[in-house]
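Naming: A, B, ... by sequence-line order, numbering from 1 per chain. Just so it is clear, the values below take in all heavy atoms, side chains as well, and ignore hydrogens, waters and symmetry mates.
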There are 2 protein chains.
Amino acid sequence: MATGRTHRPATRSRGIPEATVARLPLYLRALTALSERSVPTVSSEELAAAAGVNSAKLRKDFSYLGSYGTRGVGYDVEYLVYQISRELGLTQDWPVVIVGIGNLGAALANYGGFASRGFRVAALIDADPEMAGKQVAGIAVQHSDGLEKIIDENGVSIGVITTPPGVAQQVCDRLVAAGVTSILNFAPTVLSVPDGVDVRKVDLSIELQILAFHEQRKAGEEAEAQAGAAVQAAQENNRKGPDGDVPAVMPA
Amino acid sequence: MATGRTHRPATRSRGIPEATVARLPLYLRALTALSERSVPTVSSEELAAAAGVNSAKLRKDFSYLGSYGTRGVGYDVEYLVYQISRELGLTQDWPVVIVGIGNLGAALANYGGFASRGFRVAALIDADPEMAGKQVAGIAVQHSDGLEKIIDENGVSIGVITTPPGVAQQVCDRLVAAGVTSILNFAPTVLSVPDGVDVRKVDLSIELQILAFHEQRKAGEEAEAQAGAAVQAAQENNRKGPDGDVPAVMPA
DNA sequence: CCATCTTTGTGCACGCGTTCACAAAGACAT
DNA sequence: ATGTCTTTGTGAACGCGTGCACAAAGATGG
């Protein structure tokens, strides 16, 4: 997962497990697709396949929301879309500010997935005076001086940080002081926030590093398999030590 | 966590738990910062604080790598940087292709965190002929016709998909057929891949939805707390049903 | 109205991950 | 050399998440 939770001591919110909450958007997306194709009902098996999860897990997840299915038939697509949307809080409008309009900030501003789910970009904010006034995704970028005012006037409770890492904590502090209680952090920094503020982190470089780890492991296993009889001489050179090295073999 | 794992049946790779692997990049970043400040050693307590985790967890994580610490002193920063880098496979060069050079693809191409960790952008690929030849982050965009050739010639094993969701699966199939075995997917789609291929998913919209859930819960709790004596009349209107509704109170 | 068939909802067991708490290990001073 | 003090490394307990497997529930047909 390209995600990392921060500072949430396993608080079961209203009885719904964190792991289930994280999957609800997945189900919602699959259900929305079905809804657009006017499919009336769907079985747990079908929906699970569409969402890429196990059907037992899906049924258990839904059981936390209530008994919305009909045995022998399945789930009513429209009804389920509504229930999940309501549970996730997507039936209301969430104004969001994006701070730091570099490449990534601009990409997010243009990202269609936000607007379609009740998220509204209330403001784009950047510290560079050169950026102020420029249009990005049809919205004028505002200077960070007015950050507090913008948040207050728009009733913003969710902030997205796409600044360089060096200023992320300062920006975070200002957001929190101004009343933001949920932060999505794209800067590669550990943010410290007071209790009651949620931080979720998306770290592009971490994801790649995890992939690299598994990639290396695959290459290593492959090498071990190939090293059946041929390069056994290397094995004799086997000095014991803390590093359980695998022979340095490039993947391709 | 803005991340989701896909299709990895809890395979303990070389004895290192998945959860630990996901934290190693975090430690590495904190250690690199210490290294730049020429700090020679660090205790598990200090490093844990810098990485935003529990010190016991950190020590257990490191114990999977081996005994690299000195009791009474702490860990040697440089040595640990090397060991973690090696474990993650960052001591070798990983050529990466990015497919889909829209806003997000361009943002990733410009992202500094890649190059600094052994990841090299081998090619930027887009299906739009208009894009071909344009320079993004100092690299010429190439048309997707040559995808297989590019992957083969550069020995690419990691692919990043930043295309629209509609074409993500096709792109994925072509990547896999050409020899890519690790995929970082930014498109909001469930990708199906053969065994042996790792997919990690980063879904921006899902992260926001999870934040919205918690935000809604906070607002609900606040409302419940405020509803001490004032609006008890509403409680009398309490019809029982499958929906355990909370009073509809807007956060701000 | 009864039988059969499909699909949900869930009790249960298992394994992974986290955390506590402490013994072992080494540094350092005397 | 001995004792004290710091910090690691880990055994053990606990809790969460997952998946199996089945009973309950409803639809459907005769």
Side-chain angles (χ1 to χ4, degrees), chain A residues 1 3-24 26-27 31 39-77 79-80 83 210 242, chain B residues 1 3-24 26-27 31 39-77 79-80 83 210 242:
Chain A
M1 247 176 305
T3 300
R5 219 184 332 156
T6 312
H7 225 306
R8 174 147 292 274
T11 314
R12 267 212 194 177
S13 337
R14 176 115 148 275
I16 301 181
E18 218 17 63
T20 296
V21 172
R23 279 188 295 266
L24 289 181
L26 230 59
Y27 302 144
L31 284 164
V39 177
T41 61
V42 66
S43 72
S44 64
E45 202 72 46
E46 291 166 327
L47 185 55
V53 301
N54 181 307
S55 73
K57 198 187 299 190
L58 180 142
R59 287 198 300 275
K60 182 148 290 193
D61 283 341
F62 285 174
S63 78
Y64 292 114
L65 307 183
S67 291
Y68 295 147
T70 307
R71 293 171 195 234
V73 176
Y75 298 91
D76 183 283
V77 172
Y79 188 56
L80 208 45
Q83 289 298 343
I210 297 173
Chain B
M1 250 174 306
T3 300
R5 220 185 329 156
T6 313
H7 223 307
R8 174 149 291 274
T11 314
R12 268 213 194 176
S13 336
R14 176 112 147 275
I16 301 181
E18 206 37 47
T20 296
V21 172
R23 278 188 296 267
L24 290 182
L26 229 59
Y27 303 144
L31 285 164
V39 177
T41 61
V42 66
S43 72
S44 65
E45 202 73 45
E46 291 167 327
L47 185 54
V53 302
N54 182 306
S55 73
K57 198 187 297 186
L58 179 141
R59 286 198 300 275
K60 180 144 286 190
D61 283 342
F62 285 175
S63 79
Y64 292 114
L65 308 183
S67 292
Y68 294 147
T70 308
R71 296 174 192 229
V73 176
Y75 299 92
D76 184 282
V77 172
Y79 188 56
L80 207 46
Q83 288 300 342
I210 297 173

Legend entry - Results of side-chain contact (heavy atoms from CB on, under 4.5 Å) for A50(B) - residues two or more places apart only: A30(B)
Inset, instruction - Please identify each residue that fulfils side-chain contact (heavy atoms from CB on, under 4.5 Å) with L80(B), with sequence neighbours left out. - result: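 L80(B) satisfies side-chain contact (heavy atoms from CB on, under 4.5 Å) with L31(B), L47(B), F62(B), Y68(B), Y75(B), I84(B) only.
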[X] versus [Y], closest heavy-atom pair with distance:
X      : Y      : answer
G15(B) : Y64(B) : O-CD2, 3.9 Å
S44(B) : S55(B) : O-CB, 3.9 Å
D76(A) : T41(A) : CA-CG2, 4.3 Å

Inset, instruction - Check for a donor-acceptor pair, side chain of S43(B) on one end and backbone N or O of E46(B) on the other, with a separation under 3.5 Å. - result: yes
Legend entry - Whichever of G74(B) and R23(A) has its nearest DNA chain D nucleotide further upstream toward 5': G74(B)
Legend entry - With sequence neighbours excluded, residues passing salt bridge (charged side-chain N to carboxylate O under 4.0 Å, His left out) with R23(B): D61(B)
Starting at atom [atom1] of [X], determine the distance to atom [atom2] of [N], rounded to an integer number of angstrom.
X      : N       : atom1 : atom2 : answer
D61(B) : dT10(D) : CG    : P     : 13 Å
L58(A) : dT18(D) : CG    : P     : 12 Å
D76(A) : dT8(C)  : CG    : P     : 13 Å
K57(A) : dG11(C) : NZ    : P     : 20 Å
R59(B) : dT18(C) : CZ    : C1'   : 13 Å
L80(A) : dT8(C)  : CG    : P     : 11 Å

Inset, instruction - Going 5' to 3' through nucleotides 25-30 of chain D, assign each nucleotide B (protein heavy atom under 4.0 Å from a base atom), S (under 4.0 Å only from sugar-phosphate atoms) or - (no protein heavy atom that close). - result: B-S---
Please list, for nucleotides 12-15 of chain C, all pairs of protein and nucleotide N/O atoms separated by less than 3.5 Å.
{"unit_1": "dC12(C)", "atom_1": "N4", "unit_2": "K60(A)", "atom_2": "NZ", "d": "3.3"}

Inset, instruction - Under 4.0 Å between any heavy atoms, over every strand shown, what does F62(A) touch: base, sugar-phosphate, or nothing? Just pick one. - result: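 Answer is nothing: F62(A) stays at 4.0 Å or more from every strand.
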Inset, instruction - Look at Y75(B) and dG9(D) and indicate whether a side-chain polar atom (N or O) is within less than 4.0 Å of OP1 or OP2. - result: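 Yes.
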Legend entry - Sub-4.5 Å side-chain heavy-atom contact between L24(A) and L65(A):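 Yes; the side chains approach each other to less than 4.5 Å.
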Inset, instruction - State, with a plain yes or no, whether a side-chain heavy atom of L58(A) is found less than 4.5 Å away from one of E45(A). - result: no
Shortest side-chain distance from [X], nucleotide among [options]:
X      : options                   : result
A56(A) : dG9(D), dG9(C), dC20(D)   : dC20(D)
N54(B) : dT10(C), dG9(D), dT19(C)  : dT19(C)
A19(A) : dA21(C), dG19(D), dG17(D) : dG17(D)

Inset, instruction - Please list residues of residues 42-49 of chain B whose heavy atoms come under 4.0 Å from any atom in DNA chain D, ordered by number; otherwise none. - result: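 Heavy-atom cutoff 4.0 Å gives S43(B), S44(B).
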Inset, instruction - Could you name each residue pair satisfying salt bridge (charged side-chain N to carboxylate O under 4.0 Å, His left out) that touches residues 51-60 of chain A, not counting sequence neighbours? - result: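 Pairs touching residues 51-60 of chain A that pass the test: none.
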